[in-house]
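Quick notes on the structure that follows.
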Amino acid sequence: QQYRHIASISKKPSILNSSTPPPKDAESPFQHLKSKSFDALPSLMNPVKEGFSETNTSSAASFQTQNDNFEKHIPVMHYGNQDSISLTTLPNGITVASVDNHTNAGVVTVQFKRAGMMYDSFKGISVLMNKLAFKASRNYNHDQLQELHDRIMYESMVDYENKDYSATFVRYDLDEVIPLLADNILHPLFEEQDIAESLSAIHQQIEEELNNPAISTVFNDQMLEACFGKNQALGQPTLTAPDTAITSDHLYAYNRSVLRPENCVIVGVGVDHQKFVQLCEKHFVFSENVPLIEPQFNPDVCEWRGGDARYEFTGTALDFHRQNIPTLTSVGVGFKSAGYMDMKVIPALVLETILGGGDSFSAGGPGKGLQTVIHKDMLPNYPLHGMVANHQVFEKNGIFMIQASSTQEYVSYVPYAIMELITSAIDRIKEEDVERGKNRFQSLILTQLEHPRSLAQSIAGDLLYYGKYRGVEFMRNHVSEVTLQDVQRTWKDLLAHPAGTAVVGLVNEVPPRQEFDRVLEATRQGVNQRVK
């Protein structure tokens with residue numbers, strides 16, 4: 001019904017306008033996309049000449065930013081800045097920071113750098129440790145932790161680079177929160193029953209993800225493998241079963257090795273700084289002279305490869321069909337981007353917001369993102385389940401990815417939608433798109449930092465990698481300075497390196513890697529001529 005409606009609005013002939021199935025020999029409006037060669041779209045091979053694409057800017061014009069001189073007031077109490085952060089360095093090297101936002105809710109986050117999956121000594125050991133967090137510790141058994149969880153919301157997370165423990169509580173419970181966090185971080189008990197239950201939970205999660213891998217962690221793992229290769233730290237899958245050789249002794253040794261005071265920041269929001277520092281100094285006492293365990297792969301060497309990774313998947317479990325969850329195929333093209341230590345990451349993040357995306361049925365709420373390039377120009381014109389621009393940022397590099405998915409009958413359209421966006425982006429993005437993207441990105445930053453936990457994590461990340469909290473004004477000022485020329489240069493930089501391509505689903509319905517390379521090279525040459 002949706003595609004019939006789109007076809008009728010666009011006045012384009014479509015077999016979807018008919019209520020009866022077309023004959024087998026009827027010509028499809030997408031017939032030229034059935035080939036596994038991008039030659040079917042010759043305009044893509046010379047994509048950036050003047051007048052290549054004409055975007056519909058009439059609706060965009062009605063959304064032009066009004067009141068350009070409107071002054072935005074940012075309450076320090078909500079977001080924090082450098083002046084509102086209290087900082088103390090403990091004798092053992094831990095940085096303690098706090099913001100008192102004068103609310104009853106309190107948040108404490110304990111963050112460690114160089115403690116994520118890139119630093120695994122055994123395959124999957126950090127994922128297993130994350131599952132074992134807050135199971136039991138030296139001073140807290142299972143029942144005590146369960147009872148405390150009714151009042152204190154504690155959790156842990158691990159990504160490729162960092163490990164994060166946090167607790168949300170009523171601020172008057174700070175005396176209980178710090179001992180709880182410290183004991184479970186520094187003195188966990190890795191009991192055999194807990195290890196067995198955690199392994200079972202991990203295997204169950206893997207099974208669930210594999211039921212529909214095109215929209216799960218499986219696809220992201222394929223993209224990381226395509227971009228960095230299997231033999232590098234960033235190319236390792238996040239969805240993996242831990243090594244069967246791991247024992248409790250390995251877990252204790254790894255925990256002491258990666259959780260080091262010099263790599264630790266503790267941030268509290270809604271706490272009294274003096275009391276907070278006293279509690280942290282009393283309870284966060286690390287072991288001394290702990291040997292450093294060598295990781296499987298060198299985390300300091302993550303060279304961009306730009307390869308191809310494909311995962312064949314042809315069917316979805318019956319339970320998913322009963323829930324009306326379709327079997328999908330996803331295709332993605334990833335480009336080498338800046339890491340968060342490089343200021344070039346800011347125009348790349350603005351570009352991500354400009355392109356936007358989502359699925360064909362929802363943009364995340366009324367009006368959100370409906371004026372992004374993908375929503376205006378791509379989703380109405382292709383029978384896609386979803387399409388999105390996604391930017392994963394690491395310390396030294398990042399992946400800027402265009403991903404699209406469709407149900408199995410429309411798989412052949414997916415790569416053409418992606419390549420049309422890539423080849424025409426330089427023409428589709430206008431000044432008004434950049435202004436709208438900047439405003440939306442700033443709005444996202446401010447909205448996230450209204451939550452104490454997001455604010456605490458933002459402060460912790462800045463202190464770990466920059467040595468200071470840069471504050472909201474820092475990001476707002478740099479985002480405000482981004483121009484259309486900056487966005488165009490960012491697109492040129494993205495195209496400068498070989499792309500990584502990933503496919504999960506019906507891989508034989510997607511053109512081979514050589515076809516992507518051919519079109520990307522033509523696009524690269526054209527963009528280099530246009531953008532200086």
Side-chain angles (χ1 to χ4, degrees), residues 116-118 120 123-128 130-131 157-161 198-243 296-297 305-321 323-335 357-359 384-392 394 398-408 410-411 414-415 417-418 499-510 512-513 516:
M117 290 175 284
M118 293 174 63
D120 281 1
K123 184 184 73 171
I125 192 170
S126 59
V127 175
L128 178 57
N130 192 55
K131 284 291 183 184
M157 297 187 304
V158 65
D159 58 28
Y160 268 97
E161 297 173 311
S198 297
L199 286 171
S200 177
I202 292 171
H203 285 288
Q204 182 178 353
Q205 179 186 354
I206 293 173
E207 183 178 343
E208 291 174 355
E209 297 266 3
L210 290 175
N211 278 329
N212 209 350
I215 53 173
S216 74
T217 309
V218 177
F219 182 84
N220 191 64
D221 286 348
Q222 291 295 301
M223 178 56 72
L224 287 165
E225 178 186 326
C227 294
F228 295 102
K230 288 184 176 181
N231 297 321
Q232 294 195 97
L234 273 178
Q236 301 308 301
T238 57
L239 193 68
T240 182
D243 195 318
Q296 283 184 303
F297 303 93
R305 299 288 175 81
D308 183 79
R310 303 192 178 206
Y311 179 88
E312 177 75 19
F313 180 77
T314 58
T316 292
L318 180 61
D319 288 344
F320 272 64
H321 284 303
Q323 300 175 49
N324 294 320
I325 298 176
T327 301
L328 301 175
T329 291
S330 282
V331 181
V333 178
F335 301 97
D359 61 49
L384 302 175
H385 181 271
M387 187 175 188
V388 66
N390 179 272
H391 193 194
Q392 296 185 65
F394 307 104
I399 301 176
F400 193 101
M401 177 174 64
I402 308 296
Q403 177 188 355
S405 61
S406 77
T407 52
Q408 305 295 50
Y410 296 121
V411 171
V414 176
I418 294 174
T501 52
V503 183
V504 173
L506 301 181
V507 298
N508 292 329
E509 296 297 319
V510 177
R513 170 59 191 245
F516 286 93

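These numbers come from a predicted model, not from an experiment. Position 1 is the first residue of the sequence; numbering continues from there.
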inquiry  = Under the criterion side chain to side chain contact (heavy atoms under 4.5 Å, CB included), I'd like the reasoning laid out for I125 against D243: C-alpha separation, chi angles, the key distance, then a yes or no.
reply    = CA-CA 7 Å; I125 192 170; D243 195 318; over 6 Å; no

task = Grab the two heavy atoms, one from R305 and one from G229, that are nearest each other, plus how far apart they are.
result = CG-N, 4.2 Å

task = Would you give the length of the straight line joining atom CE of M118 to atom CD of Q232, rounded to the nearest 0.5 angstrom?
result = 9.0 Å

note = Looking only at heavy atoms, the pair that brings S126 and D120 closest together is OG-OD1, 2.8 Å

remark   = Heavy-atom nearest pair, P415 first then F516, reads CB-CZ, 4.0 Å

ask   = Do T240 and M117 touch side chain to side chain, with heavy atoms closer than 4.5 Å?
value = no

ask   = How about Q222 and V503: do any of their side-chain heavy atoms sit closer than 4.5 Å?
value = no

message = For the backbone of V411 and the side chain of E509, can you confirm whether one donor and one acceptor N or O come within less than 3.5 Å of each other?
response = no

request  = Using the six-membered ring wherever Trp is involved, compare the ring planes of F394 and F228 and label them parallel, tilted or perpendicular (cut-offs 30° and 60°).
outcome  = perpendicular

request  = Output the distance between atom OG1 (T329) and atom CD (Q408), rounded to the nearest 0.5 Å.
outcome  = 4.0 Å

message = Using a 3.5 Å distance criterion without hydrogens, assess whether the side chain of D221 forms a donor-acceptor pair with backbone atoms of L239.
response = yes

query = What are the two closest non-hydrogen atoms of D159 and E161, and how far apart are they?
reply = OD1-N, 2.8 Å

message = Do L210 and V218 have side chains that approach each other closer than 4.5 Å (heavy atoms only, starting at C-beta)?
response = yes

ask   = V127 and T238: side chain to side chain contact (heavy atoms under 4.5 Å, CB included), yes or no, with the steps?
value = CA-CA 8 Å; V127 175; T238 57; over 6 Å; no

request  = Please lay out, stage by stage, how M401 and F219 fare under the test side chain to side chain contact (heavy atoms under 4.5 Å, CB included).
outcome  = CA-CA 12 Å; M401 177 174 64; F219 182 84; 3.8 Å; yes

query = Once you round to the nearest 0.5 Å, how far does OG of S330 lie from CG of N220?
reply = 11.0 Å

request  = Check whether any side-chain heavy atom of I418 lies under 4.5 Å from a side-chain heavy atom of V331, and answer yes or no.
outcome  = yes

inquiry  = Measuring only between side-chain heavy atoms, which start at C-beta, is L224 closer than 4.5 Å to Y160?
reply    = yes

query = Going by heavy atoms in the side chains, are H203 and E207 under 4.5 Å from each other?
reply = no

Main-chain N/O of P326 paired with N212 side-chain donor or acceptor, under 3.5 Å = yes

remark   = Taken to the nearest 0.5 Å, the spacing of T407 OG1 from L506 CG works out to 10.0 Å

ask   = Where is the tightest heavy-atom contact between A233 and F297, given as atom of each residue plus distance?
value = N-CB, 3.8 Å

ask   = Can you tell me how far the CG atom of N211 sits from the CD1 atom of I206, to the nearest 0.5 Å?
value = 12.5 Å

ask   = Which pair of non-hydrogen atoms, one from I399 and one from M223, has the smallest distance, and what is that distance?
value = CG2-CG, 4.3 Å

message = For a 4.5 angstrom cut-off between non-hydrogen side-chain atoms, does I202 reach K131?
response = yes

task = Find out whether Q296 and Q236 are in side-chain contact, i.e. whether some heavy atom of one side chain is under 4.5 Å from a heavy atom of the other.
result = no

